[in-house]
Enquirer: 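Below you'll find the structure I mean.
We use all heavy atoms of the structure for the numbers below, so side chains are in, but hydrogens, waters and symmetry mates are not. Per chain, numbering begins at 1; letters A, B, ... match sequence-line order.
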Amino acid sequence: MTQETTEQPSDFIRDIVASDLASNKHETIVTRFPPEPNGYLHIGHAKAFCLSFGIAQENPGARCHLRFDDTNPEKEEARFASAIQEDVRWMGFDWGEHLYHASDCFEQLYAWAEYLIQEGKAYVDEQSGDEIRAGRGRLNADGVTEPGLDSPFRDRPSDESLDLFRKMRAGDFDDGKMVLRARIDMAAANLNLRDPVLYRILRATHPRTGDDWCIYPMYDFTHGQCDAIEGITHSLCSLEFENHRPLYEWFIENLPVPSQPRQIEFARLNLTHTVMSKRKLTRLVAEGLVSGWSDPRMPTLSGMRRRGYPASAIREFCQRIGISKAASTVDFALLEHCVRDELNRVAPRRMGVLDPIKVVIATLPEDHEESFEAPVLPGDPESGVRQIAFGREVWIDRDDFMLDPPKKFFRLGPGREVKLRHAYCITCDEVIQDSDGKVIELRCSHDLETRACLPTDRKVKGFLHWVSARHGNPTEIRILDHLFAAEDPEADGDFMDAVNPDSIKVIHAVVEPNTVDLPAETVVQFERLGYFCIDRFDSTADAPVLNQTIGLKSGWKPKPSNQPKKAKKSKKA
RNA sequence: UACCCGAUGGUGUAAUCGGCAACACAAGUGGUUUUGGUCCACUCAUUCCAGGUUCAAGUCCUGGUCGGGUAGCCA
């Protein structure tokens, strides 16, 4: 189907995997993708899971687990978990029976917590959050590292901690009253090692375990152990967990875990014209700047899907950007290139007119009816042909006509001749304007000799798309642009203020009849315009709705005066 | 500030053991073309700085500079 890059990708993580295989450190590779179900997946997550699932696909016998990191019931919801699964599947990955939840391990984690207490490696601390934070230590005015301050409860006998911990679980204490802390090293240079919190008291109903627990393990006490339980060999995550690795390893070394996973970090994806954190995307949704997580302008996978970005294009993009540890920002244009590249190969061609002007071909009889044949995919005979209805009146796009065109304008103007794609050459004989001077109709004559061919005695440079006025279907189309016009939405402060007010514009277009009955999510190319996707949520048989996926590249841009838009660096259809 | 990490064209990644800096995107130019699309060709770098080792350094060593991450009872 698609022609994704065929050669195996290579990067420093795949090199590690390959060498671990070569040295027989592991005989099979197991990776995992561990989203927290507190929002929708975005293209940054796609980079991460294309890596972990990709490595699993590239290595015989390897597998990749999907695991929900559901240790904070205050933020997590079941609806997010199902949306995440749908998105990962849509992207073409399959975890088979290996669907896990951190919450599946709660009992085991609890047992390991008691184990640490008994080993003298954990204690119940009754300090407040503020006291713990203060005691963790920072640095003094001279910039000299200040060791942390031992909690007054640090040397509490393990019997006492064990008793208190059991009471914590039993619900004997209020939320926040005490925590379980690891007893590691209050003077460690890495603050994560200064007696990190393992468990907190939290009365919240968990999407899966309900009210079974009123204490929940922290991420650090959960992730690596779940990796070990599942037999993960390579636990790939983003750079902000780098400082947590010593702690990850401390738990693996100090607990009787069944395997020894290794954490490897890589840089997360940044994209121009985009904000990427779930926190920020949540704000856009909550404050109503977009219609929801699946708004076609969102960098979420479900938003991109709705906009018509093919999963294969996103996969290709994730492969092309590579994996490294350097902070970087990828040009959105690379993603767009991958989308166009795929769609150019597979999107059936149609014609559509976004801003119609009526063309009356006066040399044709009133009731003229004719049909032309055109390829579904030019250059691919396998794709077949489509029939295009034609009559005396057709629509063309307003952009394709100028009253006083410059020489480089290869389109229609008074007295000029153009080719209606797949049909006849026409010449504009008369322009009809309303009282405001707005062009409302063009009277043209056609050349019968140019039916689906070009004249031999003269050069016709303009080729226009069109739709028969009698046959075309009126259609709502959403013209979309970057949600943020600026390359860096945070360059001038709060990204919320940088939202592009023109990022969505609803227009009423007319499209080739055999377009709107295509299945939802089909992406078509409107010739000379770009790609458009049948909205999978809002489209009905009576009222089709299309989302503009992406415009075609254009070598010629109309004068800015034609487009009442501030000419920014961003590309327009 | 402390700890950790990073630095190669405009952007993102490559470069066996130290051996002619490669690919893609973007931009620009030209060609092809019944989509101003696609396709094809060409143009676009003193590898952050300063020293050092070496016949030879993007790669190794020392010292800087700049950038990012972290400093939740979030993940």
Enquirer: Mind checking A:I132 for me? I need base, sugar-phosphate or nothing, with any heavy atom below 4.0 Å counting as a touch.
Expert: base
Enquirer: Could you tell me whether A:S128 contacts a base, only the sugar-phosphate backbone, or nothing, with contacts defined as non-hydrogen atoms closer than 4.0 Å?
Expert: base
Enquirer: Just to be sure I understand the rule, does A:V179 reach a base, reach only the sugar-phosphate, or reach nothing, if contact means heavy atoms closer than 4.0 Å?
Expert: base
Enquirer: Parallel, tilted or perpendicular: which describes the rings of A:H482 and A:H273, with under 30° parallel and over 60° perpendicular?
Expert: parallel
Enquirer: When rounded to the nearest Å, what value does the distance between C1' atoms of B:A14 and B:G69 take?
Expert: 25 Å
Enquirer: Reckon A:T71 touches a base, only the sugar-phosphate, or nothing at all at heavy-atom distances under 4.0 Å?
Expert: sugar-phosphate
Enquirer: When you measure only distances, ignoring hydrogens and angles, does the side chain of A:Q525 come within 3.5 Å of the base of B:U35 through a donor and an acceptor?
Expert: yes
Enquirer: Please tell me whether A:H223 and A:Q263 have a donor and an acceptor in their side chains that are separated by less than 3.5 angstrom.
Expert: no
Enquirer: For nucleotides B:U8 and B:U13, find the distance between their C1' atoms and express it as a whole number of Å.
Expert: 10 Å
Enquirer: Determine the contact category for A:N72: base if any of its heavy atoms lies under 4.0 Å from a base atom, sugar-phosphate if only primed atoms, P, OP1 or OP2 are that close, otherwise nothing.
Expert: sugar-phosphate
Enquirer: Over all strands shown, is A:K408 touching base, sugar-phosphate only, or nothing at heavy-atom distances under 4.0 angstrom?
Expert: base
Enquirer: What's the closest nucleotide to the A:A326 side chain, out of B:A7, B:A75, B:U35?
Expert: B:A7
Enquirer: Could you check whether the side chain of A:R320 and the base of B:U13 have a donor-acceptor pair of N or O atoms closer than 3.5 Å, going by distance alone?
Expert: no
Enquirer: Please classify the nucleic acid contact of A:E527 as base, sugar-phosphate, or nothing, using heavy-atom distances under 4.0 Å.
Expert: base
Enquirer: If you look at every strand shown and take non-hydrogen atoms under 4.0 Å, does A:R349 touch a base, only sugar-phosphate, or nothing?
Expert: base
Enquirer: Across the strands shown, which category fits A:P378 at heavy-atom distances under 4.0 angstrom: base, sugar-phosphate, nothing?
Expert: base
Enquirer: Have a look at A:L334 and say if it touches a base, only the backbone sugar-phosphate, or nothing, with a 4.0 Å heavy-atom cut-off.
Expert: sugar-phosphate
Enquirer: I'd like to know if A:K75 and A:E36 make a salt bridge, using a cut-off of under 4.0 Å between side-chain N and carboxylate O.
Expert: no
Enquirer: Could you give the distance separating B:A41 and B:C25 at their P atoms, to the nearest angstrom?
Expert: 11 Å
Enquirer: Indicate yes or no for a side-chain donor-acceptor contact from A:R181 to the backbone of A:A122 under 3.5 Å, with no hydrogens or angles considered.
Expert: no
Enquirer: By the 4.0 Å heavy-atom rule, please label A:K553 as base, sugar-phosphate, or nothing.
Expert: sugar-phosphate
Enquirer: Under 4.0 angstrom, heavy atoms only, what part of the nucleic acid is A:E131 near: base, sugar-phosphate, or nothing?
Expert: nothing
Enquirer: I'd like to know if A:R340 reaches the base of B:G37 with its side chain, counting only an N/O donor and acceptor under 3.5 Å.
Expert: no
Enquirer: Can you tell me if A:E370 and A:Y424 form a side-chain donor-acceptor pair at under 3.5 Å?
Expert: yes
Enquirer: Take the angle between the ring planes of A:Y110 and A:W213 and call it parallel below 30°, perpendicular above 60°, tilted in between.
Expert: tilted
Enquirer: Between A:F165 (CZ) and B:C73 (C1'), how many Å, whole number?
Expert: 13 Å
Enquirer: Considering only the C1' atoms, how many Å lie between B:G68 and B:G30, rounded to the nearest integer?
Expert: 42 Å
Enquirer: Does A:A267 reach a base, just sugar-phosphate, or nothing at all? Heavy atoms under 4.0 Å.
Expert: nothing
Enquirer: Classify the nucleic acid contact of A:M178 as base, sugar-phosphate or nothing, counting any heavy atom under 4.0 Å across all strands shown.
Expert: nothing
Enquirer: Write down the distance separating the P atoms in B:G67 and B:C48, rounded off to the nearest Å.
Expert: 16 Å
